[in-house]
Amino acid sequence: YGTAGFRTNAQHLDHIMFRMGLLAVLRSKQTRSTIGVMVTASHNPEEDNGVKLVDPLGEMLAPSWEEHATCLASAEEQDVRQVLAAIVEKEAVDLTQTAFVVIARDTRPSSEKLSQSVIDGVTVLGGQFHDYGLLTTPQLHYMVYCRNSGGRYGQATVEGYCQKLSKAFVDLTNQVSCSGDVKRSVKVDCANGIGALKLREMEHYFSRGLSVLLFNDGTQGRLNHLCGADFVKSQQKPPQGIEMKSGERCCSFDGDADRIVYYYCDADGHFHLIDGDKIATLISSFLKELLLEIGESVNLGVVQTAYANGSSTRYLEEVMKVPVYCTKTGVKHLHHKAQEFDIGVYFEANGHGTALFSEAVEVKIKRLAQELDDGKGKAARTLASIIDLFNQAAGDAISDMLVIEAILALKGLTVQQWDAIYVDLPNRQLKVKVADRRVISTTDAERQAVTPPGLQEAINDLVKKYTLARAFVRPSGTEDIVRVYAEANSQESADRLAYEVSLLVFQLAGGIGERPQPTF
C-alpha cells in the first residue's frame, strides 16, 4: 500500500476491496471517526482499478496503517481473521465502538462491482456506511473532512461542495471590473473521467463568471487514453480531442480529478505547458500580495520536491521573498510539511496540490473581512474567499482550476503573461534499470545519494561542468529502476548531464540490460 493505495488490473482486486472494507471499519472504530474508501486508479489505464483509504481529516491513511493494509491484502484466505486480530491488538481497537465508512468510486466499468465488495467488507464487521456513488477523489476527501469537523468545514453533500466553492468563486469574480461583456472561458480536457460529470453538475452555479468548455468528457474516448494531465505533462503536447486556438487557456484533469495542468499554443503554434511549479508560484505570489495589503505577518511557505524546476525555486525565494522547502517525492510528504505553516502551498510538478490554512489564520482573516471597510478590508475579503475556494483536504483539480481562474481574472493576466513570470530551466528525466533499487539510498529530500559510495561525489563533479546545473538520482518506489533528473541552462547541456549521470548509475549501482544511450 503506497501513496496511491493499491492499484492493478481490475480483475485481481475483488478480495482486496473486501479486505479494505474490513480495515476501514477497524480504522473507524480506532479513531472514533468516519473513514473514507475511494475506488479509483487515478491516471492509470481504464482496465486497471485501485483503492485508497481516507483518514478523518481528509488526509491519506497514516503510515502505520499502510503496513496493516499491506499485511491484510497479502494474507492467505485462512489467515485473514488472525491478521485482523493482530491489528486490533496492536492498535488497541475497541470492537464495541460503532464504525462509519463512506464510499465513492470513479467512472471505470469495474468500479461499481468493486465498490460493492468494499460494502460487503464493511457490513461483515457490522460497520455502517454511506455510498456516495460517483465522486472525484478530492470530493470524497472533502466529505470525510466535513463529517469529522461537525459541519465546520462545510456540508458533506455534493450540493454542499458545489455551493461552497461556487459562492467563493462568484464573490471573487464579482470584484473584477468587466470591460464590456467579455466573458472568460477555459477549455477543459476531462481525461474521459469523473471530472466531466462533476464539472457539469457544478457549471450552473458559477456560469456567470466563467464559461467552461468540456472536452474528452467520457462520451466517446477511453479513460486517460491519449488525454488527461499525466499524458500532457509527460508527452509535453496537447491531448487528443481538443482544438486549441492561439492564446486560448486550456487545462487537463487526470482520471479522478486530483491533478491539473494548464497549457496554450502561441502565435507560432508552439505548445507551452504550465505545470504544478508555475501554479504554486501564481497562487503563493497572490497570497503574499494580499497579506502585504492586509498588513498581517503570517508564516507563508511553499513546499516542493526535488523535481521542482530550479527557476521556480529561485523566483519564489529571490523575487517574491517566499520561503521554499523541499520534501521527499509523494503528496503525503508535501501535505505534512505544508501543515507546519500558517499558510502552506504545495504542488508537485505533475499538478497535484493545494493550499492549507491554519484555523487561527482562517478565523483572523474572516474577522478582518467583516470588521474593516478600507483597502485592507477588501484584501481580507478576497483572501477569505480564496480560503473557502481551496479544498484543504486534498489536491483538487476543480477547486484549483477555479482558484487559478479567479486569480488570473483579478490580476488581469493572460495565460502568456502568467507563463512569462519566469522561464523554466531545460531539464531531462531518464530511467536506468538496475538489479536491485535498494542499492541507492538518499538524504536531503532525495537530492543527495548516500549509497553506493562515490556516486554523489561523481555527480557533483559532473554538475560543476555546466551552468545553472543540478542533478539527482532516486530509486523508484515500485520497480527496480533508478530515476535520473538533470537541469541546466540549455537543453543540450541538460541532456548531456542526464546521460552522463545515467552512465554513472549504470556503472556504480548495478545497471542491467543495455547501457544508457545518448539522446542528443
Side-chain angles (χ1 to χ4, degrees), residues 106-107 134-139 142 158-176 178 181-221 223-224 227-229 231-232 238-265 273-274 279 282-283 351 354 385-386 388-391 395-415 418:
D106 69 11
T107 52
L134 293 163
L135 287 185
T136 69
T137 297
Q139 282 179 326
Y142 168 91
V158 172
E159 181 140 344
Y161 171 91
C162 293
Q163 284 177 342
K164 181 181 179 184
L165 268 60
S166 304
K167 182 186 181 307
F169 180 72
V170 170
D171 286 350
L172 288 164
T173 49
N174 281 347
Q175 295 178 29
V176 181
C178 279
D181 274 338
V182 181
K183 187 169 176 185
R184 298 180 65 82
S185 70
V186 61
K187 290 184 167 177
V188 188
D189 154 35
C190 297
N192 290 314
I194 182 79
L197 221 65
K198 295 298 155 184
L199 256 186
R200 281 239 160 81
E201 285 178 4
M202 242 177 121
E203 236 177 330
H204 67 276
Y205 287 99
F206 58 73
S207 52
R208 280 204 323 257
L210 180 68
S211 156
V212 179
L213 306 164
L214 304 186
F215 295 84
N216 298 319
D217 64 357
T219 49
Q220 289 174 320
L223 178 69
N224 295 323
C227 60
F231 172 83
V232 173
Q240 278 196 358
I242 196 167
E243 298 147 29
M244 292 170 66
K245 294 197 185 79
S246 164
E248 278 183 335
R249 271 191 329 285
C250 304
C251 64
S252 284
F253 294 179
D254 70 336
D256 64 342
D258 67 355
R259 292 185 188 183
I260 183 171
V261 294
Y262 268 73
Y263 45 92
Y264 67 97
C265 275
L273 176 72
I274 300 180
I279 293 172
L282 177 76
I283 291 167
T354 187
S385 293
I386 290 277
D388 280 345
L389 192 44
F390 272 109
N391 181 347
D396 182 337
I398 295 176
S399 155
D400 291 340
M401 179 189 83
L402 293 175
V403 169
I404 291 162
E405 291 299 321
I407 294 174
L408 293 176
L410 287 163
K411 290 179 70 73
L413 288 175
T414 64
V415 67
W418 171 23

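Considering every non-hydrogen atom in both Ala168 and Asp388, the closest pair reads CB-CB, 3.9 Å. The two residues Leu413 and Arg184 make their nearest non-hydrogen contact at O-NH2, 4.2 Å. Considering every non-hydrogen atom in both Ala191 and Gly228, the closest pair reads CB-CA, 3.6 Å. Closest approach of Gly195 and Ala257 over heavy atoms only: CA-CB, 4.1 Å. In this structure, Pro239 and Phe231 approach most closely via the heavy-atom pair CA-CE2, 3.9 Å. Smallest separation of non-hydrogen atoms from Ser166 and Tyr205: OG-CB, 3.1 Å.
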Next item on the list: I would like to know whether Val403 and Phe169 meet side-chain contact (heavy atoms from CB on, under 4.5 Å); could you show each step before the answer?
Entry: CA-CA 7 Å; Val403 169; Phe169 180 72; over 6 Å; no
Next item on the list: Please lay out, stage by stage, how Leu402 and Met202 fare under the test side-chain contact (heavy atoms from CB on, under 4.5 Å).
Entry: CA-CA 11 Å; Leu402 293 175; Met202 242 177 121; 3.9 Å; yes
Margin query: I'd like to know whether Asp400 forms a side-chain contact (heavy atoms from CB on, under 4.5 Å) with Ile279, so could you lay out the CA-CA distance, the side-chain angles of the two residues, the decisive distance to 0.1 Å, and finally the verdict.
Written below: CA-CA 9 Å; Asp400 291 340; Ile279 293 172; 5.6 Å; no
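The line from CG of Asp189 to CG of Asp217 is 10.5 Å long, rounded to the nearest 0.5 Å. Rounded to the nearest 0.5 angstrom, Ile260 CD1 and Ser252 OG are separated by 8.5 Å. Atom NZ of Lys187 is separated from atom CG of Leu214 by 12.0 Å, given to the nearest 0.5 angstrom. For the atom pair OG1 of Thr354 and CG of Asp258, the computed distance is 11.5 Å after rounding to the nearest 0.5 Å. For the atom pair CZ (Arg249) and OH (Tyr262), the distance works out to 6.5 Å, reported to the nearest 0.5 Å. Taken from CG in Asp171 to CG in Leu389, the straight-line distance is 10.0 Å, to the nearest 0.5 Å.
Within the 3.5 Å criterion, the main-chain N or O of Gly193 finds no donor-acceptor partner in the side chain of Thr107. Between the Asn216 side chain and the Gln240 main chain, a donor and an acceptor come within less than 3.5 Å of each other. Asp106 places no side-chain N or O within 3.5 Å of a backbone atom of Ile194 that could act as its donor or acceptor partner. Lys198 contributes no side-chain N or O that, together with a main-chain N or O of Cys162, makes up a donor-acceptor pair within less than 3.5 Å. Judged by distance alone, with hydrogens and angles left aside, the side-chain atoms of Ser399 form a donor-acceptor pair with the main-chain N or O of Asn391 at under 3.5 Å.
Around CD of Glu201, the count of heavy atoms belonging to other residues, nucleotides or ligands within 6.0 Å exceeds 12.
Contact check for Tyr142 versus Lys164: side-chain heavy atoms found under the 4.5 Å cut-off. Using a 4.5 Å heavy-atom cutoff, the side chains of Asn192 and Cys227 are in contact. Residues Leu199 and Phe253 have side chains in contact (heavy-atom distance under 4.5 Å, counting atoms from C-beta outward). Ile242 is not listed as a side-chain neighbour of Glu248, based on a closest heavy-atom distance of 4.5 Å or more. Between Leu408 and Val415, every side-chain heavy-atom pair lies at or beyond the 4.5 Å cut-off.
Using modelled atom types, one finds a donor on one side chain and an acceptor on the other under 3.5 Å when comparing Thr137 with Asp256.
With Ile404 as the partner, the side-chain contact (heavy atoms from CB on, under 4.5 Å) test is satisfied by one option alone out of Val186, Ile274, Leu282: Leu282.
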